[in-house]
Structures are given as C-alpha cells and as structure tokens.
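No hydrogens, no waters, no symmetry mates; every other heavy atom, side chains included, goes into these values. Heads up: numbering here begins at 1 and tracks the sequence. Counting starts at 1 for both ligands and their atoms, following the listed order.
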Amino acid sequence: METLKLDISKTGVAVSAAMQAKAQAANALLESGKGAGSDFLGWVHLPSSITPDRIEAIEKQAAKLREKAEVIICIGIGGSYLGAKAVLEAMSDSFKFLHKKRTEPVVVFAGQNISEDYTHELLEAVKEYSIATIVISKSGTTTEPAIAFRLIKAEIEKRYGKQEAAERIVAITDKARGALKTLADNEGYPTFVIPDDVGGRFSVLTPVGLLPLAAAGVDIAALVRGAQEMERATADGTPFEKNPAAVYAAVRNELYEGGKKIEILGSYEPKLQYINEWWKQLYGESEGKDGKGIFPASVTLTADLHSMGQYIQDGERTLFETIISVAEPAGKVVVEADGENLDGLNFLAGKRISEINRMAELGVQLAHVDGGVPNIRIEIPQIDAHAVGSLLYFFERACGISGYILGVNPFDQPGVEAYKKNMFALLDKPGYEEASKAIKARL
Ligand SMILES: O=P(O)(O)OC[C@H]1O[C@](O)(CO)[C@@H](O)[C@@H]1O
C-alpha cells in the first residue's frame, strides 16, 4: 500500500540532473556513513531494527503506567517532546476532553517551557488524579525538563512514597551519561535508552516517542510498520524519481537556490498542527547553520488563510509551501439543505465537509501558485498510525538528504548553546562567574 504521494508539478521548477545527482549522492552518504555528523546516523535504519520484542517491552511498561495512573506527565523538550506530542495530537479526537467516558489515561506534557503559570496550573490540575511520569532527556542535563522533573518527582514521592515512586517514574535517557541517568540509577527507576547515534530530533521512533504514545493507547506497532515501509521506499539505490525523500529534498534545494528562503508547511487538518512543530525542529536545527538554510514556518488551514493568507498571497516572494493533504477523513459530515437558505449556502447542500475542504485546498494552491508561491503537495491516505509513521520517516530521510545537499552537518546544533550560556550566567550558575558579571553589565 502506498502511504505517501508527492506532487511537485506545481513548484515551477525542474530538478536538474546535477541536483538529482547531489540528492542521490547525499542519500548514499546516509547509508555509507561517510558524510558529516556520521556519528548520528542511527535513525537511518532504526525502523527496520525495531523488533517485536522491543515493541512488546515498551508496551509492557506502558501498560504498567496505564494501570497506575489516570494522568501521565511526559517531561521533555525539543526532540524529547515534539515527536510524541505531534503523533498523539494527530491520533487523538480533537474533543477528547469533552468525552465523559475515558478509556485511556490522559497524557500531558511538561518541561517544554519554564512558565510558572503553566507549571502551577499543571500541579493544581493533577491533584485530583493518580499520576505517573515519563521523564525524557538525552543529555540528562537540559534545564527546562530538569526543573519540571524536580517538581513532579517531589509531588509523586509526597503522595506515594519513594518506593512506589519507582513504580510511577520511568526515565528515558543516555545509556551512561548525564544527571538523569545517575538519578534514575540511584532511585531504581525503570530506564529506556536513547541510542548514542540518534539525535533528539530524530528520536521519535525510539522509546522517546514510543513509550508516551503506547501509554496513550496509540498503536505503536503500526507506527513503526509505516516507518519501516518508508525506510525501504527511500533506501540508497532507489531510482531518484521513485524516492519521494530524494525528490522532496532536491526540489526544496532548487527552490532555495532560486531565492525561496522560507518553507511554510501547512495542512487542512488541525490535528496535524504539531506535526508542523516537530518538522520545524527537524529542519530548523538540521539546516539552519553556517549562515544558510531554509527557514521552516508553518500554518494550519483554512484558519491561517484569514491571518497569514494576505502575506502568503502578496508579500515578499521568498516563500514556498508544502501541504500535507489527507485523502480520506475518518468521520462523515454532510451539509444539509435549508428551506429558507438565509445564509445562501444551499449550493453546498449534499456535499461532505471534506469535499469543501478539498476545494479550498485546490483553490488556495492555484491562487498561491499564481501569486508566485511554489507548491509541494504530500498526500497521505488517512490520518492513522501507519500513515503517520511513514510520514515521519519520509521527513527524516529527506532532511538528511537535504542537509547534505546544502553542504551542512545536518546532525549537530551548536547554535542552541548561546542562549543557555546567557541564561546560566544570569542565574549565577556555579562556573559562570565571569560571564555573569559581563552579561549583567549589558542589561
Ligand atoms: O533530550 P535533551 O538532551 O534534554 O535535549 C532536548 C533538546 O535540546 C536540544 O539539545 C537543544 O538544546 C535539542 O537538540 C534537543 O532535542
């Protein structure tokens, strides 16, 4: 079954033979390990390396948490948060909070900000519920999740005692290093490992994404199956035109070289909004370096046509857009005829909402193309775990290829350290005394 169709016919560019060759060479580098950042290529064959045993181990741990807790607090930031959040949102009923009958524990997120109000509201909200937590940090030292974990750990220990806390806290971190690893070992928490060679933004198919998703009741085996199929479809040796990841990577680089510096990822399905956020980290951290890189932006449609539509249609012509289009909705809603027709909408009577949404999508596509915004279209058959798994791996593979075409190391992120140094200096972290004086003088 084809899980993804890529249409580049409305980009206005032809992929040159030279760009095709670069994409093929870049894809080969991902498998030969001879490119920059080759210590971080563990994600390339990750889907096919996931055995049924591994899935079972994750599901077993998830079942324990599900049994104990009505609310599971998932702590992490960046790649240790966005993958699980993105898939969970995509898989969830948008109005699950209104449903009286709950069959699954509620998974909420923490440690992705340092907002006191968010933290306070979370701690208040969970007072009435039994809780457990999954704390995720590859480095084990990231400040935001570390603060959240200190608070949630204290709350769990206060309620259930230290011994039971070790049944309600699961850590996902590096196999040997970092404060979280030390803490988890000391306290006897069950631990899952983030492999050394998988960077945070490529880790959604490790326990980082799989455990929270399994805890929320997502079919992780189907998610992995979708990714495995895409791993095969994008393997080195696949002819260029048959490899959607190579084609996407090549087209976006053609567009970039032609002056299109901003890519807007959009969808007409609001539950894919966090896929956009996950994608922004994936591409932003991978390509935005050495003074280069397409700026990844996003919209949710049709909502943002009424806020960003003007700029996209008419503003500076440095944009192109990539639309994730969903072929089949899961539910059915039809517009009914109205005897009075005071709203003038009877011309839509008998049509499904998805048909109207599709016409909006096609109309917008042509309007934007006419306005000078090239359009890439990615169609998935429906929103389910299998299709989403396939989509995630497609984007990862294309990101690796695209970064190599651009000539950067797609697997490091040196730029994110600058803010951390300033923050530690401002907070008087030991070891930052000199920097502290210097930065305070600048305020
Ligand atoms: O899993 P960790 O080590 O807490 O890192 C979280 C995120 O922070 C970053 O390292 C950036 O600071 C991201 O690359 C990463 O996804």
Next on the checklist: So, regarding Arg201 and ligand 1 (criterion: nitrogen or oxygen to nitrogen or oxygen, under 3.5 Å), is there a contact or not?
Outcome noted: no
Checklist entry - Would you say atom 1 (O) of ligand 1 has a protein heavy atom nearer than 4.0 Å? => result yes
Checklist entry - What do you reckon, are the aromatic ring centroids of Tyr81 and Phe109 less than 6.0 Å apart? => result yes
Next on the checklist: Distance to the ring centre below 6.0 angstrom and angle to the axis at most 45 degrees; does that hold for Arg252 and Tyr256?
Outcome noted: no
Checklist entry - Which of the numbered atoms in ligand 1 are below 4.0 angstrom from a heavy atom of Gly78? => result 16 (O)
Checklist entry - Is a side-chain donor or acceptor of Lys5 paired with a backbone partner of Pro381 at a separation under 3.5 angstrom? => result no
Checklist entry - Considering only the protein, which heavy-atom contact is closest to atom 11 (C) of ligand 1, and what is its distance? => result Val416 CG2, 3.4 Å
Next on the checklist: Please list, in number order, the atoms of ligand 1 under 4.0 Å from a heavy atom of Thr142.
Outcome noted: 2 (P), 3 (O), 4 (O), 5 (O)
Checklist entry - Between Glu433 and Lys437, is the closest basic N to carboxylate O distance under 4.0 Å? => result no
Checklist entry - Should the pair Tyr393 and Trp43 be assigned to parallel (<30°), tilted (30 to 60°) or perpendicular (>60°) ring geometry? => result tilted
Checklist entry - Any N or O of Gly200 that comes nearer than 3.5 Å to an N or O of ligand 1? => result no
Item to check | atom 16 (O) of ligand 1 [closest protein heavy-atom partner, distance rounded to 0.1 Å] | outcome: Gly79 N, 2.7 Å
Item to check | Element-labelled atoms of ligand 1 that are located less than 4.0 Å from some non-hydrogen atom of Lys138 | outcome: 1 (O), 2 (P), 3 (O), 4 (O)
Checklist outcome for this item: Numbered in order shown, the ligand 1 atoms found under 4.0 Å of a heavy atom of Ser139 are 2 (P), 3 (O), 4 (O)
Item to check | Side-chain ion pair, Glu229 and Arg225, N-O less than 4.0 Å | outcome: no
Item to check | Top protein contact for atom 7 (C) of ligand 1, by heavy-atom distance | outcome: Ile77 O, 3.7 Å
Next on the checklist: Could you check whether Glu417 pairs with Lys420 (Lys NZ or Arg NE/NH1/NH2 to Asp/Glu carboxylate O, under 4.0 Å)?
Outcome noted: yes
Checklist entry - Which of the listed options, Gln413, Gln281, Lys420, holds the heavy atom that is closest to atom 15 (C) of ligand 1? => result Gln281
Next on the checklist: Do the side chains of Lys292 and Glu257 get close enough for a salt bridge, i.e. N-O under 4.0 angstrom?
Outcome noted: no
Checklist entry - Quick one: nearest non-hydrogen protein atom to atom 9 (C) of ligand 1, plus distance? => result Glu285 OE2, 4.1 Å
